[in-house]
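Just so it is clear, the values below take in all heavy atoms, side chains as well, and ignore hydrogens, waters and symmetry mates. The chains referred to below are lettered A, B, ... by the order of the sequence lines, with proteins before strands, and numbering in each begins at 1.
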There are 2 protein chains.
Amino acid sequence: MDLKNAPITLAEVADAAGVGESTVSRVLRNHGSFSEKTRARVMAAVDKLGYVPNKIAGALASTGTPLVAIIVPSLSNIVFADVLSGVTRALEVRQKQAVFAVTEYDPMREEALVAAVLAWRPEAVMLVGLEHTEGTRKLLRAAGCRVLELLDIDGEPIDIAVGFSHRSAGRATAAHLIEKGYTRIAYVGHDMERDTRSAKRLEGFVEQLNQAGLTLRDREIRNAPSSVSAGKAGLANVLSRSPDVDAVYFSNDDMALGGYFHCLSVGIPVPDRLAIIGFNALDICRHTPQPIASILTRRVEIGRRAAELLLEDAPAQTVDVGFLLVPGETA
Amino acid sequence: MDLKNAPITLAEVADAAGVGESTVSRVLRNHGSFSEKTRARVMAAVDKLGYVPNKIAGALASTGTPLVAIIVPSLSNIVFADVLSGVTRALEVRQKQAVFAVTEYDPMREEALVAAVLAWRPEAVMLVGLEHTEGTRKLLRAAGCRVLELLDIDGEPIDIAVGFSHRSAGRATAAHLIEKGYTRIAYVGHDMERDTRSAKRLEGFVEQLNQAGLTLRDREIRNAPSSVSAGKAGLANVLSRSPDVDAVYFSNDDMALGGYFHCLSVGIPVPDRLAIIGFNALDICRHTPQPIASILTRRVEIGRRAAELLLEDAPAQTVDVGFLLVPGETA
DNA sequence: TTGTAAGCGTTATCAC
DNA sequence: GTGATAACGCTTACAA
């Protein structure tokens with residue numbers, strides 16, 4: 001075991017194997033030609049010395065970097081974690097490294113983080129959503145790397161977009177409630193300035209209501225990230241303001257769960273007295289005493305698909321992976 | 001807007017500013033001395049050209065890399081996402097980049113990922129837990145970078161460990177149930193081979209029971225990752241086998257939530273007929289109709305603390321951030 | 001205060 | 001099939 005600071009270099013391996021540096025490089029990358037005998041000699045030296053190739057040097061010498069940057073708004077929301085899982089699993093197969101950052105839903109921070117990751121010359125940058133600052137766009141354009149925008153397709157993508165239409169999801173949700181005969185419908189949501197996708201869902205939702213001659217009976221928008229407690233408090237407020245509401249659309253399943261818990265706590269019969277519908281179809285909401293109605297989104301699939309498109313060097317395009325309304329027992 | 005492929009280089013900035021390359025380098029890193037006038041000239045050129053320094057080249061030229069590798073078992077568990085948040089937030093301040101990978105609880109995969117990530121010569125590698133393959137240890141030792149092991153301190157750390165004692169947490173949980181007067185206690189857990197920390201908790205739990213002259217009335221171990229549905233199914237099995245059980249310890253809050261939902265569904269009074277206690281004190285479990293008793297773990301704090309120790313180049317040490325038993329209404 | 005030049009550890013382009 | 005050697009784009013002495 002060597003406790004020396006300096007890691008082994010290609011040159012040392014070449015020396016130990018009694019071959020040239022380029023030969024070692026060829027063998028290690030299995031590229032170009034070399035005899036089986038040299039290969040064995042090189043590998044023996046590699047094993048003996050415990051050589052780990054320096055990709056920093058490799059990246060600088062070759063043209064591209066096997067690095068993919070992934071910038072997400074948050075990690076406390078399982079949705080982004082799922083997307084990230086899909087991405088990293090697909091990248092791992094091709095030996096690409098994920099470089100990663102969290103914006104906390106702040107566009108300016110996103111811009112700064114994009115600049116930071118661009119310094120690593122990634123072959124691609126993955127972002128969530130289609131809304132970015134002009135600065136971010138400019139940086140990305142100048143960098144000339146692939147850009148993948150995930151989870152949303154309602155807008156103008158920079159390069160590749162993989163996701164689904166939140167506006168359609170909102171419409172589908174409204175259509176479902178309308179079909180079920182609910183007419184006095186309210187909305188309980190979280191901070192929409194930061195989460196533009198939830199705003200798009202609400203837009204579609206209201207559009208569909210209007211089309212059916214209905215309007216939103218009440219709306220409660222919490223000035224906070226989505227959470228169970230925000231959903232709980234939000235529903236309580238709506239019910240005290242508009243006691244006649246018969247269905248509530250929550251901005252997502254965390255919020256819906258809070259609403260559902262509120263109903264359980266104070267004994268409001270669901271869905272007879274009040275229907276509840278959320279968004280994302282989180283695992284938890286499939287296992288509550290009554291499964292909560294929601295929209296199933298294919299999050300891992302979105303991550304995986306995006307990574308694949310990148311790896312196969314697909315042309316600019318927008319991929320709609322769709323969504324699925326899952327009725328549950330609450331609406 | 002230039003659509004040329006080749007990104008701007010330091011040399012081009014130097015030319016544009018009419019200064020030498022090293023001057024640009026000094027100005028950009030705010031290191032060494034230069035006049036205010038040159039600084040202005042350089043910055044003007046940087047802005048004009050939209051120069052983004054190439055950290056790959058920078059890292060190769062200087063000794064260290066401002067890269068920190070973070071390898072977690074999973075992302076679907078919010079616990080690791082929380083730790084990751086803490087780490088990235090702390091790193092961002094110091095302009096360090098996180099490079100990241102997911103093991104899916106597979107030690108061999110962890111080893112492969114450590115090798116992959118070491119190729120980027122990170123200044124540190126962060127891992128979850130203290131159990132790693134001999135190969136992983138060897139790689140890490142040879143690399144000579146800092147190693148931070150998170151979330152567990154029951155064992156021999158390689159370098160720095162930040163976490164708490166799962167064994168103690170298990171004991172504390174048992175002590176709480178015993179104090180509350182429960183005597184017919186069962187355990188419902190998930191896949192322990194993969195999650196060694198849950199095994200340690202159970203060990204401590206049983207130790208404490210035995211010390212009080214009690215034994216585990218029943219134990220149900222699902223051969224699957226933790227989930228709400230596994231908790232639900234697990235509790236159902238336990239109750240059909242051992243109907244007289246009066247309290248159940250779940251391997252974590254996801255599982256406990258499933259158990260709690262089962263009780264709500266079939267009308268088992270909690271905690272009068274059955275007490276429930278989990279682990280992690282997830283936000284959701286604080287907002288169920290009855291808050292679920294659990295152990296609060298300081299996950300974000302663990303990530304943050306680890307990053308800080310790394311940044312201040314602290315010596316090898318073990319930091320116990322502790323945990324807190326939160327009673328709730330279910331136990 | 002500033003510029004020149006020698007690396008950093010690879011890959012890639014040549015000859016041989 | 002193999003080995004010099006020139007990049008790659010920066011940082012960092014060392015000179016000026």
* Asked: Quick one: CG on B:Leu311 to CZ on B:Arg94, what's the gap to the nearest 0.5 Å?
  ->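 Output value for this atom pair is 4.5 Å.
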* To the nearest 0.5 Å, how far apart are CZ in A:Phe164 and CG in A:Leu151? ->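 Reported to 0.5 Å precision, the distance equals 6.0 Å.
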* To do: Could you say whether A:Arg39 or B:Ser22 is positioned toward the 5' end of DNA chain D, judged by the nucleotide with the nearest heavy atom to each?
  =>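 It is A:Arg39 whose nearest nucleotide is closer to the 5' end.
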* Do B:Arg26 and C:dG3 share a donor-acceptor pair, side chain to base, under 3.5 Å? ->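 Indeed, a donor on one side and an acceptor on the other fall under 3.5 Å apart.
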Between [N] atom [atom2] and [X] atom [atom1], what is the distance in whole Å?
X        : N      : atom1 : atom2 : answer
A:Arg121 : C:dT11 : CZ    : P     : 19 Å
A:Trp120 : D:dG9  : CH2   : C1'   : 13 Å
B:Asn54  : C:dC8  : CG    : P     : 18 Å
B:Asp15  : C:dT4  : CG    : P     : 11 Å
A:Glu21  : C:dT10 : CD    : C1'   : 8 Å
B:Leu49  : D:dG9  : CG    : C1'   : 15 Å
A:Ile56  : C:dG9  : CD1   : P     : 12 Å
A:Leu60  : D:dA6  : CG    : P     : 17 Å

* DNA chain C: 5'-proximal contact among B:Ser62 and B:Ser33 (nearest heavy atom) ->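 Checking each residue's closest nucleotide, the 5'-ward one belongs to B:Ser33.
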* Using heavy atoms to find the nearest nucleotide of DNA chain C for B:Gly18 and A:Val52 separately, return the residue whose nucleotide is more 5′. =>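 Comparing both residues, the 5'-ward one is B:Gly18.
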Given [options], which nucleotide is nearest the side-chain atoms of [X]?
X       : options                : answer
B:Thr38 : C:dC8, D:dA7, C:dT2    : C:dT2
B:Ser35 : C:dT1, C:dG3, D:dT11   : C:dT1
A:Tyr51 : C:dT11, C:dT10, D:dC10 : C:dT10
A:Ala57 : C:dT10, D:dT11, C:dT2  : C:dT10

* To do: Taking only the side-chain nitrogens and oxygens of A:Ser25, find out if one of them lies under 4.0 Å from OP1 or OP2 of C:dT11.
  =>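 So the side-chain polar atoms of A:Ser25 do come within 4.0 Å of the phosphate oxygens OP1 or OP2 of C:dT11, strictly under.
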* Check whether any side-chain nitrogen or oxygen of B:Thr23 sits under 4.0 Å from OP1 or OP2 of C:dG3, and answer yes or no. =>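 Yes, within the criterion.
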* Asked: So do the side chains of B:Val102 and A:Ser85 get within less than 4.5 Å of each other, counting heavy atoms only?
  ->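 They are not in contact (no side-chain heavy atoms under 4.5 Å apart), so the answer is no.
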* Decide, yes or no, whether a salt bridge links B:Glu134 with B:Arg141 under the criterion of side-chain N to carboxylate O below 4.0 Å. =>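 Result for this pair is yes, salt bridge flagged.
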* **Charged N-O contact under 4.0 Å between A:Asp152 and A:Arg197** =>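 No salt bridge links A:Asp152 with A:Arg197.
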